[in-house]
2 protein chains.
Amino acid sequence: MNIGEAARGSGLSAKMIRHYEAEGLITPRRLGNGYRDYAEADLAVLRFIRHARALAFPLEDVRRLLALWRDRGRASADVRRIALDHVAALEAKAEAMQAMAHSLRHLAKHCHGDARPDCPILDELEKLP
Amino acid sequence: MNIGEAARGSGLSAKMIRHYEAEGLITPRRLGNGYRDYAEADLAVLRFIRHARALAFPLEDVRRLLALWRDRGRASADVRRIALDHVAALEAKAEAMQAMAHSLRHLAKHCHGDARPDCPILDELEKLP
DNA sequence: ATGGGGCTTCCCATAATGGGAAGGTCAAGC
DNA sequence: GCTTGACCTTCCCATTATGGGAAGCCCCAT
C-alpha cells in the first residue's frame with residue numbers, strides 16, 4: 001500500500017505520515033522505486049497516532065505510548081501516568097484560558113460598545129504595573 | 001532609557017522588545033551609537049503589550065488594539081469586538097481541551113494502573129475508525 | 001510515447017519565545 | 001591610556017505540528 005492509500009486509510013495526510021516517519025514513529029518498507037510501502041500493521045500504527053493526536057498528546061508522548069502499546073509486558077500504570085500527566089497539562093491550560101476569557105468578558109460587559117471612545121478594556125491594558 | 005531599563009520597567013525581556021519592534025508594534029528612537037532609546041511613552045506601549053499578551057491576545061490583535069488605543073476618535077465598539085472575538089476563540093480552545101481531558105480521565109479511571117498490561121487507554125487509541 | 005496523477009526530497013512559513021555567537025560601546029578603576 | 005565587565009547590536013537557530021509548493025522521478029492508461 002503506498003502513502004496515498006495509507007493516508008486515506010488512516011485519516012492522516014501524506015505530509016504528516018512522512019513527518020511521523022522523520023520523527024521515528026513509523027518506518028515503512030521501501031519498494032525498489034523508492035516508494036514507501038505500508039502493511040496493515042503500519043496502518044494500525046497510523047490510526048493509533050491519529051487517535052492520540054486527536055487527544056492532543058504531544059508527539060513525544062505518542063512515541064512513548066506506541067512503545068508501551070507494542071510492549072506486551074508493559075505495566076498499565078505507565079500508560080496511565082502518561083495519560084494523567086497529559087490530562088493535568090490540558091486542564092491547566094484550559095483553566096488558564098478560561099480565566100483569561102472570564103476577565104475579558106467582565107471587562108467587555110462594562111464597555112459600552114458604541115461610537116464613544118472610552119473603554120474599560122483599553123483602560124485595563126493601559127494600567128500601570 | 002536603553003533596552004535593558006525598558007525591559008526592567010515593562011516586565012518584558014529585551015529579546016521580546018526587539019521582536020515587537022521587528023513586528024512594527026513599537027519604534028524607539030536610536031542614539032548615535034545605534035542603541036535604542038525608549039521614552040516614557042514607549043514604556044507605556046510596552047506595558048500595554050505585556051498586559052495584552054498576558055490575556056493571550058495574538059500580536060495581530062495587539063497591533064489593532066494599540067492602533068485603537070492611540071486613536072482618540074476610536075469607537076469602543078471596535079475594541080469590544082476584538083476582545084469578544086478573542087474570548088470566543090479562548091473559550092472554544094478551552095472547551096476542546098477540557099473535552100479531551102474528560103475523555104482521558106474517564107479512560108484512566110477504568111485503567112487498573114498496576115503491573116498488568118491491559119489498559120483501556122491503549123484499547124481506545126487502537127480502535128478502528 | 002505521452003499525459004496525468006502519484007511519489008520522492010527539500011525548502012519555506014506559521015506564532016511567540018528563548019539561546020547563543022560575534023562584535024561594537026560605554027563606564028569604572030588602575 | 002588601557003583593561004575589564006556589563007551592556008548593546010545583528011544574525012542564526014530551535015522549539016511544535018502542520019501545510020504549501022517546487023523540482024524531478026515513476027507508473028499506468030490511452
Side-chain angles (χ1 to χ4, degrees), chain A residues 1-38 42 45-46 48-66 82 85-86 89-90 92-93 96-97 100, chain B residues 1-39 42 46 48-66 82 85-86 89-90 92-93 96-97 100:
Chain A
M1 164 174 25
N2 64 24
I3 200 171
E5 290 173 81
R8 284 184 292 274
S10 66
L12 296 169
S13 70
K15 210 84 193 226
M16 289 317 297
I17 295 179
R18 289 192 197 97
H19 179 60
Y20 297 144
E21 179 177 347
E23 291 294 313
L25 300 189
I26 187 174
T27 310
R29 226 167 62 91
R30 291 287 184 141
L31 298 179
N33 57 14
Y35 283 22
R36 290 165 176 84
D37 184 37
Y38 296 87
D42 292 322
V45 169
L46 292 175
F48 185 100
I49 295 174
R50 180 168 60 82
H51 293 320
R53 286 294 304 140
L55 290 169
F57 279 106
L59 283 199
E60 268 311 304
D61 284 8
V62 179
R63 186 194 314 279
R64 294 190 285 153
L65 289 170
L66 265 176
I82 294 174
D85 286 357
H86 179 49
L90 283 173
K93 271 191 210 170
M97 286 194 215
M100 296 185 250
Chain B
M1 163 174 25
N2 64 24
I3 200 173
E5 289 173 82
R8 284 183 292 273
S10 66
L12 295 169
S13 69
K15 211 82 193 229
M16 290 317 298
I17 295 179
R18 291 192 197 97
H19 180 59
Y20 298 144
E21 178 178 347
E23 292 294 313
L25 300 190
I26 188 173
T27 310
R29 227 167 62 89
R30 291 287 185 141
L31 298 179
N33 56 15
Y35 283 22
R36 291 166 176 84
D37 184 37
Y38 297 85
D42 293 323
L46 292 174
F48 184 101
I49 296 174
R50 180 168 60 82
H51 293 320
R53 287 292 304 141
L55 290 169
F57 279 106
L59 284 198
E60 268 311 303
D61 284 6
V62 179
R63 185 193 317 278
R64 294 189 284 154
L65 289 170
L66 265 176
I82 294 175
D85 286 356
H86 179 50
L90 282 174
K93 271 191 209 170
M97 284 194 215
M100 297 185 250

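- You'll find the side chain of A:His86 reaches within 4.5 Å of the side chain of A:Asp61, heavy atoms only.
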Below 3.5 Å is the cut-off: list the nitrogen or oxygen pairs between protein and nucleotides 7-9 of chain C, distance only.
{"unit_1": "C:dC7", "atom_1": "OP1", "unit_2": "A:Asn2", "atom_2": "OD1", "d": "2.7"}
{"unit_1": "C:dC7", "atom_1": "OP1", "unit_2": "A:Asn2", "atom_2": "ND2", "d": "3.1"}
{"unit_1": "C:dC7", "atom_1": "OP1", "unit_2": "A:Gly4", "atom_2": "N", "d": "2.8"}
{"unit_1": "C:dT8", "atom_1": "OP1", "unit_2": "A:Arg36", "atom_2": "N", "d": "2.9"}
{"unit_1": "C:dT8", "atom_1": "OP1", "unit_2": "A:Arg36", "atom_2": "NH1", "d": "2.7"}
{"unit_1": "C:dT8", "atom_1": "OP2", "unit_2": "A:Arg18", "atom_2": "NE", "d": "3.0"}
{"unit_1": "C:dT8", "atom_1": "OP2", "unit_2": "A:Arg18", "atom_2": "NH2", "d": "2.9"}
{"unit_1": "C:dT8", "atom_1": "OP2", "unit_2": "A:Arg36", "atom_2": "NH1", "d": "3.3"}
{"unit_1": "C:dT8", "atom_1": "O5'", "unit_2": "A:Arg36", "atom_2": "NH1", "d": "3.3"}
{"unit_1": "C:dT9", "atom_1": "OP1", "unit_2": "A:Arg30", "atom_2": "NH1", "d": "3.3"}
{"unit_1": "C:dT9", "atom_1": "OP1", "unit_2": "A:Arg30", "atom_2": "NH2", "d": "3.2"}
{"unit_1": "C:dT9", "atom_1": "OP2", "unit_2": "A:Arg36", "atom_2": "NH1", "d": "3.0"}
{"unit_1": "C:dT9", "atom_1": "OP2", "unit_2": "A:Arg36", "atom_2": "NH2", "d": "2.7"}

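- For the pair A:Phe48/A:Leu65, a side-chain contact is recorded, criterion being any heavy-atom separation below 4.5 Å from C-beta on.
- We find that CD of B:Glu21 is positioned 17 Å from C1' of C:dA16, with the value rounded to whole Å.
- On the nucleic acid side, DNA chain D contacts chain A at distances under 4.0 Å to non-hydrogen atoms, with the end points of that region at D:dA17 to D:dC27.
- Contact check, B:Ser13 against C:dT17: no side-chain N or O comes under 4.0 Å of OP1 or OP2.
- Atom CZ in B:Phe57 sits roughly 17 Å away from atom P in C:dA15 (whole-Å rounding).
- Residue pairs meeting the salt bridge (Lys or Arg N to Asp or Glu O under 4.0 Å) criterion with at least one partner in residues 2-15 of chain A, sequence neighbours excluded, are absent.
- Side-chain contact between A:Asp42 and A:Met1 is absent, with no heavy atoms from C-beta onward closer than 4.5 Å.
- Axis angle between the ends of the helix from C:dA1-D:dT30 to C:dC30-D:dG1, five pairs each and rounded to 10 degrees, works out to 40°.
- Side-chain contact between A:Tyr38 and A:Asn2 is absent, with no heavy atoms from C-beta onward closer than 4.5 Å.
- Between atom CZ of residue B:Arg64 and atom CG of residue B:Leu59 there is a gap of 12.0 Å, rounded to the nearest 0.5 Å.
- Considering only residues two or more places apart in sequence or on other chains, B:Met97 meets the side-chain contact (heavy atoms from CB on, under 4.5 Å) condition with A:Leu90, A:Lys93, A:Ala94, A:Met97, B:Met100.
- Contacts classified as salt bridge (Lys or Arg N to Asp or Glu O under 4.0 Å) and involving residues 51-60 of chain A (residues at least two apart or in different chains) are given here: A:Glu60-A:Arg63.
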Under the criterion salt bridge (Lys or Arg N to Asp or Glu O under 4.0 Å), I'd like the reasoning laid out for B:Arg29 against B:Glu21: C-alpha separation, chi angles, the key distance, then a yes or no.
CA-CA 11 Å; B:Arg29 227 167 62 89; B:Glu21 178 178 347; over 6 Å; no

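- When the P atom of C:dT17 is taken as reference, atom CZ of B:Arg50 falls 12 Å away, rounded to whole Å.
- Side-chain contact between A:Val45 and A:Tyr20: absent, with no pair of heavy atoms (C-beta onward) separated by less than 4.5 Å.
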